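First the structure, which I've put down as structure tokens, then a few questions once you've had a look.
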There are 2 protein chains.
Amino acid sequence: MARGATAPLYQQIADELRTQITSRALRAGAQLPTELALADKHGVTRATARQAIGVLINEGLVVSSRPRGHFVRQVDRMIYRPQSEWRPQPASPEMDRFMEEQTSLGREPSQVIGVELVTPPDEVARRLDLDSDQTAVVRRRVRFIDGMPFNTNDSYYPMTLVEGSPIMYPADIPQGANQVLTELGAEQVRAIDEIEVRMPTPDEVHRLDLSAGVPVAVHRLTGYTHDGRPVRCTINVLPGDRHVILFERAKPAPEHETDSTTPGGEPHRVDGSLADRGTQ
Amino acid sequence: MARGATAPLYQQIADELRTQITSRALRAGAQLPTELALADKHGVTRATARQAIGVLINEGLVVSSRPRGHFVRQVDRMIYRPQSEWRPQPASPEMDRFMEEQTSLGREPSQVIGVELVTPPDEVARRLDLDSDQTAVVRRRVRFIDGMPFNTNDSYYPMTLVEGSPIMYPADIPQGANQVLTELGAEQVRAIDEIEVRMPTPDEVHRLDLSAGVPVAVHRLTGYTHDGRPVRCTINVLPGDRHVILFERAKPAPEHETDSTTPGGEPHRVDGSLADRGTQ
DNA sequence: CGGTGCTCATTGGCTAGACAATACAGCCAG
DNA sequence: CTGGCTGTATTGTCTAGCCAATGAGCACCG
């Protein structure tokens, strides 16, 4: 495997730089050698040095700031906890160690970009059990932290359900959308979370101000009433360099006590009709 | 925004191809025009056409197979369900629609690569509450499906806990590791799942046979006993193009009934000591 | 003291061309 | 019909060099 001698030059250069980065010889935020300096040092042209740096950029290790230079990316992730819709405070005491945050939280202008009436995209219609001609209300927002876009959050509700309720108006809902659903007689008591990982679309790159080498997690939440009726479908797009997704679980009350082997269990191939963005 | 006229040539070419892919004019598996054909068509050099294709490769839309050509990537994801360690069958009936799989499951050679005694990496030691000199047992495996590497799975256990148990031997554990822990008087009844998204390391690229433009999800599972003692820490690396992570949740029994606003809740900045791979 | 414009180092974009590596098809000999 | 060889199309790697765009510092001027 380690063919060393025959590895392409740009790989060798990239490897050397990567080692310096992972070993912290080059710290987060530090500047890399300029393309010309790299090229000189290794006796190659600037194009080859550029190719080496390109590798690191696509690995998400390096950002380039023209024309200042290339720099080691610094990431700090914030905790994203889907369960907080029901449990503002974690239930497990163990959770504490993950929450020792520098509580910079607070400021969260949670800018609701708008409310629209739409015929929902397929992936949403299927999850909400809507026919292709039924409309849905979508509340789109982009959340910011310190003025930086942080994630996007599109919540779809069946139009027939939320008609006339505060959900239809682009104002903040102080008591929360869940409370509104409860008052409408459609309390959300169960939810299914799907998390998918991929590179962002150009649109997402633009809306979230992503740089190269940053993947996103797509978190799809479908909420159900007690009798299994879907009442909302939320699609969150979370930049990978800004989030850690956190769940806490407890072993369910013993019914039949069937212990399985390992987490992850048997993989099931996803039904094509639900495997969205099949080729992207 | 639509600067049109001044967008770089390689971007224009990439945009055109991307449109063809997302609109399914170019289906999954279809071959793209050759670099030379693209260059001729747009009146640019091969280098520029190459750059355009490079964009799509890093977006995960295209794979290249030398010297046959470039092709539209096809993805099909399998369901990965951390909760299956306790619930082989989903509890929510709603889950059914996500599980209509072509049940290709079965074959899962679950190849245990080995069992080692190690001083665990920092990220694991912290989660297992081990001092830096204490050792842990790690069971490393790479799971395959249809001969293709599918994900990696490294489970760490405190050495003092599992000494002498079947966990220390590189054979399959028919009853499951959880059962062994229970017999050792350390039943895992709670767990915390962390999911982080990033580009793979070169090592992961190699072990999982990843191609460019495929991010990974890192799933860290920490299991606790009834009295809050950590008994295992599992690190799963899941290629983004092969997995959908699925959770099901129910609203907890009402204690104080505090409804929050939106899923995701307030972001908390992650404590530096737990924000692993800070600069990578 | 403050603003205004210049210079410059550095990255971005692109051309032109050379040679290497390799899967695949097609041909030829047995 | 089979096995091996060869040619070819296509992508991978690299050189050499050009001009454009731009943030930052600096000099100059009001």
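Since the structure is predicted, the reported quantities are computational estimates derived from the model, not experimental observations. Throughout, protein chains are lettered first and strands after them, A, B, ... in sequence-line order, and every chain is numbered starting at 1.
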Practice item. Could you tell me whether a side-chain N or O of A:Glu116 sits under 3.5 Å from a main-chain N or O of A:Arg140, the two making a donor and an acceptor? Key: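 Answer holds: no.
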
Check your understanding: Can you check the B:Gln31 CD to D:dA9 C1' distance for me, whole Å?
Key ->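 Between C1' of D:dA9 and CD of B:Gln31: 11 Å.
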
Review point. What is the distance from CG of B:Asp40 to C1' of C:dT15, rounded to the nearest Å?
Key: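 It works out to 14 Å between those atoms.
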
Check your understanding: Taking the six-membered ring for Trp, are the ring centroids of B:Phe247 and A:Phe247 within less than 6.0 Å of each other?
Key ->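 Yes; A:Phe247 has its ring centre under 6.0 Å from that of B:Phe247.
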
Review point. Backbone N or O of B:Glu204 within a donor-acceptor pair of the B:Thr201 side chain at under 3.5 Å?
Key: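 Yes: the side chain of B:Thr201 pairs with the backbone of B:Glu204.
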
Point to revise | d(NE2, B:His42; P, C:dT15) in whole Å | key: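 Rounded to the whole Å, the gap is 12 Å.
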
Point to revise | OP1 or OP2 of C:dC24 under 4.0 Å from side-chain N/O of B:Arg68 | key: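 Affirmative; the distance criterion is met.
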
Exercise for review: State plainly whether the residues B:Glu59 and B:Arg18 are in salt-bridge range, i.e. N to O under 4.0 Å.
Suggested key: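 B:Arg18 and B:Glu59: salt-bridged.
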
Practice item. Could you state the atom-to-atom distance from CG of A:Leu32 to P of C:dT10 in whole Å? Key: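 In whole Å, C:dT10 P lies 13 Å from A:Leu32 CG.
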
Restricting both atoms to N or O, compile the protein contacts to nucleotides 12-15 of chain D shorter than 3.5 Å, with distance only.
from	atom 1	to	atom 2	distance (Å)
D:dG12	OP1	B:Ser64	OG	2.7
D:dG12	OP2	B:Arg50	NH1	2.6
D:dG12	OP2	B:Arg50	NH2	3.3
D:dG12	O4'	B:Arg66	NE	3.2
D:dG12	N7	B:Arg46	NH2	2.7
D:dG12	O6	B:Arg46	NH1	3.2
D:dT13	OP1	A:Tyr10	OH	3.1
D:dT13	OP2	A:Tyr10	OH	3.0
D:dC14	OP1	A:Leu9	N	2.4
D:dC14	OP2	A:Tyr10	N	3.4
D:dT15	OP2	A:Thr45	N	3.1
D:dT15	OP2	A:Thr45	OG1	3.1
D:dT15	OP2	A:Thr48	OG1	2.5

Check your understanding: Is the side chain of B:Arg127 donor-acceptor paired with the backbone N or O of B:Glu123 at a distance under 3.5 Å, no angle test?
Key ->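 Flag set: sc B:Arg127 to bb B:Glu123 pair under 3.5 Å.
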
Practice item. Answer yes or no: is there a donor N or O on one side and an acceptor on the other, between the side chain of B:Gln11 and the main chain of B:Pro8, under 3.5 Å? Key: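 Judged by distance alone, no pair lies under 3.5 Å.
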
